[in-house]
Undergrad: 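Below are the structure tokens for one structure; questions will follow.
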Amino acid sequence: MEDYLVRIITKDARVRGLACITTGLVEKACLRHDTYPTASAALGRALSAGALMGALLKTGQRVALKFAGNGPIRKIIVEAESTGAVRGYVAEPHVELPLKEGKLDVAGALGRTGFLTVTKDLRLKELYSGTVQFYSGEIAEDLAYYLTESEQLPSAVGLGVYMEPTGICATGGFLIQALPYSEEEVIDRLMEQIGKMGFVTDLLREGKRPEELLELLFGGIPYDTIEKRPLALRCSCSRERTEEALISLGKEELTSLANEKDRTEVVCQFCHERYLFSREELECLAKEVMH
């Protein structure tokens with residue numbers, strides 16, 4: 001099944017819903033970062049969360065999610081664009097914890113104490129950034145808490161990663177937001193539906209598509225489908241951007257790197273792409289540093 005996201009809005013335009021399947025891109029990311037099962041589940045949920053947040057942006061905008069906790073994974077960073085491109089990594093990919101009540105212990109791996117920071121590039125002069133303390137260490141709950149507290153939009157988020165010993169089998173999730181002037185009756189009905197639908201992981205395991213997740217959530221509530229967009233694991237790194245990053249180190253640091261060895265390797269944290277620079281290239285970059 002291809003990775004994609006569906007966005008809908010109720011007929012009265014007071015509640016919006018999004019649901020996505022991200023199995024392919026999560027599988028690629030976990031292979032690229034050599035994540036162990038618990039770390040894979042954490043990264044998979046965070047990538048789905050990023051895809052959902054990216055779909056709320058306007059053309060050309062970007063969002064970054066940073067989960068920094070006191071657990072062994074330490075940190076997860078995900079970036080998403082309005083195009084459906086997402087990328088991300090965990091600080092410690094080789095984390096594996098015992099199952100908790102038969103499920104992968106993501107909250108234990110990330111830590112129940114920490115902060116979620118959401119940074120948005122809205123193409124304005126300054127970036128928008130908001131931070132909340134973890135609500136539970138569960139990625140879906142923490143994101144819903146952030147959206148409700150920081151952005152003042154009551155939200156519900158469900159994320160799932162289904163794994164077998166062979167690897168990632170199904171990942172995805174949903175996001176529902178009550179827009180201004182939402183009716184209490186509709187909100188109560190949606191909360192009741194969420195309570196009835198069961199675990200997102202189980203629904204994904206059954207092969208439910210985004211359209212079917214939304215049908216379960218909004219059963220009986222009239223809505224319009226706004227869009228269906230493809231999702232993909234795509235990094236924004238390039239040799240040119242790596243050169244810019246090296247230049248930002250300053251002339252002294254670049255000269256020191258050039259003198260240390262014949263070739264310097266720079267590895268992208270998000271995709272592990274490797275960029276090699278010769279001593280002569282670093283010396284040329286050092287000359288470009290503004291005095």
Side-chain angles (χ1 to χ4, degrees), residues 1-29 44-65 78-88 118-124 128 139-140 143-144 146-148 151-160 170-182 186-187 189-190 193-194 197 200 203-204 207-236:
M1 187 186 296
E2 80 271 27
D3 296 334
Y4 69 99
L5 176 145
V6 174
R7 183 160 60 106
I8 62 106
I9 192 162
T10 54
K11 292 281 188 183
D12 63 7
R14 290 177 179 172
V15 180
R16 64 184 170 200
L18 304 91
C20 65
I21 290 290
T22 56
T23 310
L25 70 88
V26 169
E27 185 177 28
K28 286 179 187 172
R45 290 182 194 180
L47 285 167
S48 294
L52 292 165
M53 289 290 285
L56 298 175
L57 302 172
K58 293 178 181 176
T59 303
Q61 297 179 345
R62 296 182 300 171
V63 63
L65 309 178
V78 167
E79 293 184 357
E81 298 182 28
S82 60
T83 58
V86 292
R87 63 178 190 161
V118 178
T119 305
K120 295 180 181 178
D121 179 357
L122 303 176
R123 291 291 184 258
L124 301 172
Y128 165 84
I139 289 168
L143 182 58
Y146 164 81
L147 290 166
T148 303
E151 299 196 1
Q152 300 295 301
L153 288 172
S155 305
V157 181
L159 302 168
T171 68
F174 69 82
L175 165 62
I176 297 176
Q177 286 191 312
L179 302 174
Y181 311 112
S182 299
V186 175
I187 303 298
R189 194 164 162 187
L190 283 166
Q193 296 285 86
I194 291 170
M197 73 185 289
V200 177
L203 295 169
L204 294 169
K208 290 282 190 289
R209 296 175 297 119
E211 293 90 342
E212 292 170 305
L213 292 177
L214 292 168
E215 283 169 17
L216 283 170
L217 289 162
F218 287 83
I221 300 172
Y223 61 83
D224 293 314
T225 299
I226 304 297
E227 69 163 334
K228 174 181 172 179
R229 72 168 66 180
L231 301 172
L233 185 73
R234 193 177 305 126
C235 194
S236 58

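Treat the numbers as computed from the prediction; the structure is a model and nothing was measured. Count residues from 1 along the sequence.
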Undergrad: Give, for atom OH of Tyr128 and atom CG of Leu122, the distance between the pair rounded to the nearest 0.5 Å.
TA: 9.0 Å
Undergrad: I need the Asp224 CG to Ile8 CD1 distance, nearest 0.5 Å.
TA: 8.5 Å
Undergrad: Is there a side-chain contact between Ile187 and Pro154, using heavy atoms and a 4.5 Å cut-off?
TA: no
Undergrad: With side chains defined as the heavy atoms from C-beta onward, is the minimum distance between Glu2 and Pro230 less than 4.5 Å?
TA: no
Undergrad: Look up atom OG1 in Thr83 and atom CZ in Arg229, then write down how far apart they are to the nearest 0.5 Å.
TA: 8.0 Å
Undergrad: Can you tell me if Lys28 has over 12 outside heavy atoms packed within less than 6.0 Å of its NZ?
TA: no
Undergrad: Just how far is it from atom CD1 of Ile176 to atom CG of Leu217, taken to the nearest 0.5 Å?
TA: 4.0 Å
Undergrad: Considering non-hydrogen atoms only, spot the tightest contact between Leu175 and Ser155 and give its length.
TA: CD1-CB, 4.2 Å
Undergrad: Distance check, rounded to the nearest 0.5 Å: Phe218 atom CZ versus Arg16 atom CZ?
TA: 11.0 Å
Undergrad: For Thr23 and Asp3, work out which heavy atoms get closest and say how close.
TA: N-OD1, 3.1 Å
Undergrad: For a quick test of reading the model, state the closest non-hydrogen atom pair linking Gly160 to Leu204 and the distance between them.
TA: O-CD1, 3.4 Å
Undergrad: If you compare all heavy atoms of Thr10 against all heavy atoms of Arg14, which two are closest, and at what distance to 0.1 Å?
TA: OG1-N, 3.3 Å
Undergrad: What's the separation between atom OH in Tyr146 and atom CG in Leu65, rounded to the nearest 0.5 Å?
TA: 9.0 Å
Undergrad: In chain order, what residues pass the side chain to side chain contact (heavy atoms under 4.5 Å, CB included) check against Ala232, with sequence neighbours excluded?
TA: Arg234
Undergrad: Looking only at heavy atoms, which two atoms of Ala156 and Ile194 are closest? And how far apart?
TA: CB-CD1, 3.6 Å
Undergrad: What pair of heavy atoms forms the shortest contact from Ser82 to Gly60, and how long is it?
TA: OG-N, 3.0 Å
Undergrad: Below 4.5 Å, heavy atoms only, C-beta onward: do Leu179 and Ile9 meet side chain to side chain?
TA: yes
Undergrad: Quick one: does Val118's side chain get under 4.5 Å of Val63's, heavy atoms only?
TA: yes
Undergrad: Considering only heavy atoms from C-beta outward, does the side chain of Leu216 approach that of Gln193 to under 4.5 Å?
TA: no
Undergrad: With heavy-atom distances below 4.5 Å as the criterion, would you say the side chains of Leu231 and Val86 are in contact?
TA: no
Undergrad: Using the side-chain hydrogen bond (donor to acceptor under 3.5 Å, both in side chains) criterion, which residues pair with Glu212? Sequence neighbours excluded.
TA: none
Undergrad: When you check the side-chain N and O atoms of Glu211 and Tyr4, is any donor under 3.5 Å from an acceptor?
TA: yes
Undergrad: Using a 3.5 Å cut-off and no angle test, enumerate the donor-acceptor pairs between side-chain atoms of residues 47-58 and protein atoms at least two apart in sequence or in another chain.
TA:
from  : atom 1 : to    : atom 2 : distance (Å)
Ser48 : OG     : Thr22 : OG1    : 2.7
Ser48 : OG     : Gly44 : O      : 3.2

